[in-house]
*Asks:* 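For reference, the structure I am asking about is given below.
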Amino acid sequence: TSLSVAFCPIPLFLCSCATLTAPSFQVRAQQLKDAHVAFIDHYTCVGGKPAAWDQASFDSEVAKIAQQFTDAEAAESKAVPARKTYIKNSADLFQRDAALVRKQHCLSPSFAANKKRQLQQNYDLVLKQTPTPTP
């Protein structure tokens, strides 16, 4: 038991190193991906019918996610303009998705599945291009 206690801190330390040294762009891109995909999930019609529409809640959610994109873009260095452009383009895509939901109040399950697949491919592509963290 004492041997396992001695080695237990090592994996914890290595995990914390990887977390603390992960490129901030990669962390922000993952957060944006999670928020965008969750938004699509939230506004997918269940059983072909939209949930009760709450305009104030919708507007609040859209504003919160839009602010995440704005903050992520502002946090990016001008030294890598492609990252700022990627975030801006992703923000524009999110706004188009939000406009569609605002108009229809929900997305069909098939449309949502295709949209999520496209989003995951786009975000995963940029996430794979960022360097992996080293302890």
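We count residues from 1, following the sequence as given.
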*Asks:* Can you list the steps and then say if H36 with K116 is a side-chain contact (heavy atoms from CB on, under 4.5 Å)?
*Replies:* CA-CA 9 Å; H36 200 157; K116 284 177 23 182; over 6 Å; no
*Asks:* So which atom in L107 and which in A112 form the shortest heavy-atom distance, rounded to 0.1 Å?
*Replies:* CB-CB, 4.3 Å
*Asks:* My understanding is that only one of K88, K115, Q118 makes a side chain to side chain contact (heavy atoms under 4.5 Å, CB included) with L93; could you say which?
*Replies:*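 Looking at K88, K115, Q118, the match for L93 under the side chain to side chain contact (heavy atoms under 4.5 Å, CB included) is K115.
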*Asks:* Just by distance, with hydrogens left out, do D34 and Q30 show a side-chain donor and acceptor under 3.5 Å apart?
*Replies:* yes
*Asks:* Do R96 and D92 sit within salt-bridge range, that is, some charged N less than 4.0 Å from a carboxylate O?
*Replies:* no
*Asks:* Between CD of E73 and CG of N89, what distance do you get to the nearest 0.5 Å?
*Replies:*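 Answer for the CD-CG pair, E73 versus N89, is 9.5 Å.
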*Asks:* Evaluate the side-chain proximity of E76 to Y86: yes if any heavy-atom separation is below 4.5 Å, no if none is.
*Replies:* no
*Asks:* What heavy-atom pair brings S108 and C45 nearest, and what distance separates the two atoms?
*Replies:* N-SG, 4.4 Å
*Asks:* Do other residues, nucleotides or ligands put more than 12 heavy atoms under 6.0 Å from the NZ atom of K33?
*Replies:*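 Enclosed: over 12 neighbouring heavy atoms sit under 6.0 Å from NZ of K33.
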*Asks:* Using 30° and 60° as the class boundaries, would you call the ring planes of W53 and H105 parallel, tilted or perpendicular?
*Replies:* parallel
*Asks:* Just to verify, what does F69 make a ring-ring contact (aromatic ring centres under 6.0 Å, His included) with, not counting sequence neighbours?
*Replies:* F94
*Asks:* Nearest 0.5 Å please: distance from the CZ atom of F58 over to the NE2 atom of H42.
*Replies:* 10.5 Å
*Asks:* Give a yes or no answer on whether the side chain of S60 reaches the backbone of A56 with a donor-acceptor pair at less than 3.5 Å.
*Replies:* no
*Asks:* From L119 CG over to L32 CG, what is the distance, rounded to the nearest 0.5 angstrom?
*Replies:*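 Answer for the CG-CG pair, L119 versus L32, is 11.5 Å.
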*Asks:* If every non-hydrogen atom of Q31 is compared with every non-hydrogen atom of Q68, which pair is closest and at what distance?
*Replies:* O-NE2, 4.4 Å
*Asks:* Please walk me through it: do N122 and V126 pass side-chain contact (heavy atoms from CB on, under 4.5 Å)?
*Replies:* CA-CA 7 Å; N122 289 343; V126 78; over 6 Å; no
*Asks:* Rounded to the nearest 0.5 Å, what separates atom CD in Q120 from atom CG in L125?
*Replies:* 13.5 Å
*Asks:* Hey, does V101 have a side-chain heavy atom less than 4.5 Å from the side chain of F39?
*Replies:*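 Yes, at least one pair of side-chain atoms sits under 4.5 Å.
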*Asks:* How about V80 and F25: do any of their side-chain heavy atoms sit closer than 4.5 Å?
*Replies:* no
*Asks:* To check you understand the geometry: which heavy-atom pair defines the closest contact between I87 and A72, and what is its length?
*Replies:* CD1-O, 3.6 Å
*Asks:* Shortest non-hydrogen contact from A29 to Y123?
*Replies:* O-CD2, 3.8 Å
*Asks:* Whether D71 and R28 form a salt bridge (side-chain N of Lys/Arg under 4.0 Å from carboxylate O of Asp/Glu) is what I want to check.
*Replies:* no
*Asks:* Do Q104 and F111 make a side-chain contact, defined as non-hydrogen atoms from C-beta onward lying under 4.5 Å apart?
*Replies:* no
*Asks:* Drop me the distance from I40's CD1 to D97's CG, to the nearest 0.5 angstrom.
*Replies:* 4.5 Å
